[in-house]
*Asks:* 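Sending over a structure as structure tokens; questions will come in a sec.
For clarity, every value in this text was computed on a predicted model and none was experimentally measured.
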Amino acid sequence: MRNLIIFLRRYFNFFLFLLLEVICIVLVFRNNNFQKTAYLNSANNVSGKLYDRYNNVQYYFHLKATNDSLVSENARLHNLLRSSFDSMLTSNSVVTDTIRLYSDDTMHRVVGTQMRRYLYREAKVINNSVNRPVNYITIHRGRLQGIRPNMGVISPTGVVGMVRSVSDNYAVVLSMLAKSSGSATSNFGVSARLIKGKETGTVYWDGANPGYAILRDVPRSVKVQKGDTVITSGFSSLFPENIPVGYIDEISVSDKSSTSYSIRVKLATNFYNLQYVYVIDNLLKDEQQQLEDSIYSLTK
């Protein structure tokens, strides 16, 4: 009982002292504008930091929605690029999706019409491999969303691969990281050119490092510079021209008797961190393919 009385007395004194402290602080702030201002500034600073942290937490949880919105917007902007359209010089064609070109003078006259050639569709990556001889990527877009085999696939930074097979809502993409093994289903080469010299070649993955590939068929008579950008040539029906493939990292000659370089290219796409891709629908691909196949059949 005595211990309880001592305990209560001790804490009564403590609370009494605390109450007196609060009363003193209130009196000081009420009668001293300087102290009051200093206290309010300090309180505002603390509350500001708390609100800032709260907003950061909110921002983190809204990142996915923000990222999805940006990917959709990028696809829309890709579809508005001039490179996604072809010139139309005939007057008897039925065009369902075109843009008009206007003169730069004050008359603002129509000087041409371009028909859409490429259509971009964004897709979420849900599976990806990088450590196999032939690597594949699964995306959450399929036949019902307009995806078909043999469509080109790019990332926000560069070339990724080509669609190999599709289901109703999913598609499997043959990654650019596919080492040639002599099989037609595993070979994957990108027709590319140097952005400075304009010379063309083909980029293959050699199976060594997922961050690098080899550019072949560039003649030794060409002046090649380290750091030069390698872009798509536009010769393939998979990709429009000027899509980044990579950057020259090392220049060598594997065989002294060879007339071409073996160029090591740092890939523009980071295959370790693929989250979203864009599937490219070449709307004129079938027409081009049929014409080329008819010529090839005549030469057999």
Side-chain angles (χ1 to χ4, degrees), residues 83 117-118 130 132-137 149-155 157-164 173-271 280 282 284-285 288-289 291-300:
S83 59
R117 180 178 180 183
Y118 297 103
V130 297
R132 301 173 183 173
V134 179
N135 293 281
Y136 291 94
I137 301 163
N150 300 320
M151 284 184 172
V153 181
I154 64 173
S155 72
T157 57
V159 172
V160 170
M162 63 178 290
V163 176
R164 178 60 70 190
V173 176
L174 175 64
S175 171
M176 188 177 174
L177 305 180
K179 182 181 178 182
S180 174
S181 62
S183 170
T185 60
S186 63
N187 291 341
F188 188 83
V190 178
S191 177
R193 65 178 175 86
L194 303 177
I195 198 170
K196 291 182 180 179
K198 311 297 183 183
E199 287 74 16
T200 61
T202 307
V203 177
Y204 295 97
W205 187 54
D206 60 358
N209 189 325
Y212 295 86
I214 303 298
L215 172 62
R216 296 172 181 165
D217 304 327
V218 176
R220 292 174 61 181
S221 58
V222 175
K223 185 177 181 181
V224 180
Q225 298 179 356
K226 183 177 180 179
D228 193 3
T229 303
V230 181
I231 57 178
T232 53
S233 64
F235 294 165
S236 166
S237 60
L238 288 176
F239 305 104
E241 60 180 342
N242 300 324
I243 301 295
V245 179
Y247 312 94
I248 295 179
D249 180 70
E250 184 179 325
I251 306 164
S252 63
V253 180
S254 56
D255 184 358
K256 292 183 178 181
S257 62
S258 175
T259 59
S260 61
Y261 289 112
S262 178
I263 302 173
R264 189 171 184 251
V265 175
K266 180 175 176 58
L267 294 175
T269 295
N270 181 359
F271 285 89
I280 304 174
N282 183 348
L284 301 180
K285 179 180 178 180
Q288 177 184 347
Q289 192 68 51
L291 179 61
E292 292 175 349
D293 289 344
S294 65
I295 296 299
Y296 294 150
S297 63
L298 292 176
T299 59
K300 288 183 179 180

*Asks:* Locate the shortest heavy-atom distance separating Arg220 from Tyr261; write the atom from each residue and the value.
*Replies:*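 Taking Arg220 first and Tyr261 second, the nearest heavy atoms are O-OH, 3.2 Å.
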
*Asks:* Could you go through Ile263 and Val203, starting from their C-alpha distance and side-chain angles, then the distance that decides it, and tell me whether this counts as side-chain contact (heavy atoms from CB on, under 4.5 Å)?
*Replies:* CA-CA 9 Å; Ile263 302 173; Val203 177; over 6 Å; no

*Asks:* How about Val224 and Leu194: do any of their side-chain heavy atoms sit closer than 4.5 Å?
*Replies:*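 Heavy-atom side-chain distance check passes, below 4.5 Å.
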
*Asks:* Taking all non-hydrogen atoms of both residues into account, name the closest pair between Glu199 and Val218 and its distance.
*Replies:*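 Of all heavy-atom pairs spanning Glu199 and Val218, the closest is CB-CG1, 4.4 Å.
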
*Asks:* Which atom pair, heavy atoms only, marks the closest approach of Gly158 to Ala268?
*Replies:*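 Shortest heavy-atom separation between Gly158 and Ala268 comes out as CA-CB, 4.2 Å.
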
*Asks:* Under the side-chain contact (heavy atoms from CB on, under 4.5 Å) test against Phe188, which residue among Leu174, Val134, Asn135 passes?
*Replies:*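 Of the listed residues Leu174, Val134, Asn135, the side-chain contact (heavy atoms from CB on, under 4.5 Å) partner of Phe188 is Leu174.
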
*Asks:* Please report the shortest heavy-atom distance between Gln288 and Ser237, naming the atom on each side.
*Replies:* OE1-CB, 4.2 Å

*Asks:* Measure the CG-CG distance between Leu291 and Leu284 for me, rounded to the nearest 0.5 Å.
*Replies:*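 It is 12.0 Å, given to the nearest 0.5 Å.
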
*Asks:* Any side-chain donor-acceptor pair under 3.5 Å between Ser155 and Thr269?
*Replies:* yes

*Asks:* Report the C-alpha distance between Asp217 and Thr200 in whole Å, list the side-chain angles of each, state the deciding distance to 0.1 Å, and finish with yes or no for side-chain contact (heavy atoms from CB on, under 4.5 Å).
*Replies:* CA-CA 7 Å; Asp217 304 327; Thr200 61; over 6 Å; no

*Asks:* Mind checking whether Arg193 and Asn242 have side chains closer than 4.5 Å, heavy atoms only?
*Replies:* yes

*Asks:* Would you name the heavy atoms of Leu177 and Trp205 that are closest together and state the gap between them?
*Replies:* C-CE3, 3.2 Å

*Asks:* Can you check whether Asn150's main-chain N or O pairs, donor with acceptor, with Lys285's side chain at less than 3.5 Å?
*Replies:* yes

*Asks:* Are the side chains of Met176 and Val245 in contact, using a 4.5 Å heavy-atom criterion?
*Replies:* yes

*Asks:* Quick one: pull up CD in Glu250 and CD1 in Ile214 and give me the separation to the nearest 0.5 Å.
*Replies:*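 Between Glu250 CD and Ile214 CD1, I get 8.5 Å after rounding to 0.5 Å.
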
*Asks:* Which value, rounded to the nearest 0.5 Å, describes the distance between Arg264 atom CZ and Lys226 atom NZ?
*Replies:* 9.5 Å

*Asks:* Measure the shortest side-chain to side-chain distance between Pro240 and Thr232 over non-hydrogen atoms and say whether it is less than 4.5 angstrom.
*Replies:*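 They are not in side-chain contact.
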
*Asks:* With a 4.5 Å limit on heavy-atom distance, are the side chains of Asn282 and Met151 in contact?
*Replies:*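 The answer is no; the side chains never approach within 4.5 Å.
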
*Asks:* Does any N or O in the side chain of Ser252 come within less than 3.5 Å of the main-chain N or O of Ser262, such that one atom is a donor and the other an acceptor?
*Replies:*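 Indeed, once roles are kept as given, a pair shorter than 3.5 Å links the two residues.
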
*Asks:* To the nearest 0.5 Å, what is the distance between NZ (Lys196) and OG1 (Thr229)?
*Replies:*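 Reported value, rounded in 0.5 Å steps: 7.5 Å.
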
*Asks:* Are side-chain heavy atoms of Val160 and Phe271 found at a separation under 4.5 Å?
*Replies:* yes

*Asks:* Check whether any side-chain heavy atom of Val159 lies under 4.5 Å from a side-chain heavy atom of Leu267, and answer yes or no.
*Replies:*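 Counting from C-beta outward, Val159 and Leu267 never come under 4.5 Å.
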
*Asks:* Working note: Ile280 + Leu238, criterion side-chain contact (heavy atoms from CB on, under 4.5 Å); need CA distance, chi angles, decisive distance, verdict.
*Replies:* CA-CA 7 Å; Ile280 304 174; Leu238 288 176; over 6 Å; no

*Asks:* Are Tyr247 and Val230 side-chain neighbours, meaning at least one heavy-atom pair lies under 4.5 Å?
*Replies:* no

*Asks:* For residues Ser233 and Ser191, is any side-chain donor paired with an opposing acceptor at under 3.5 Å?
*Replies:* yes

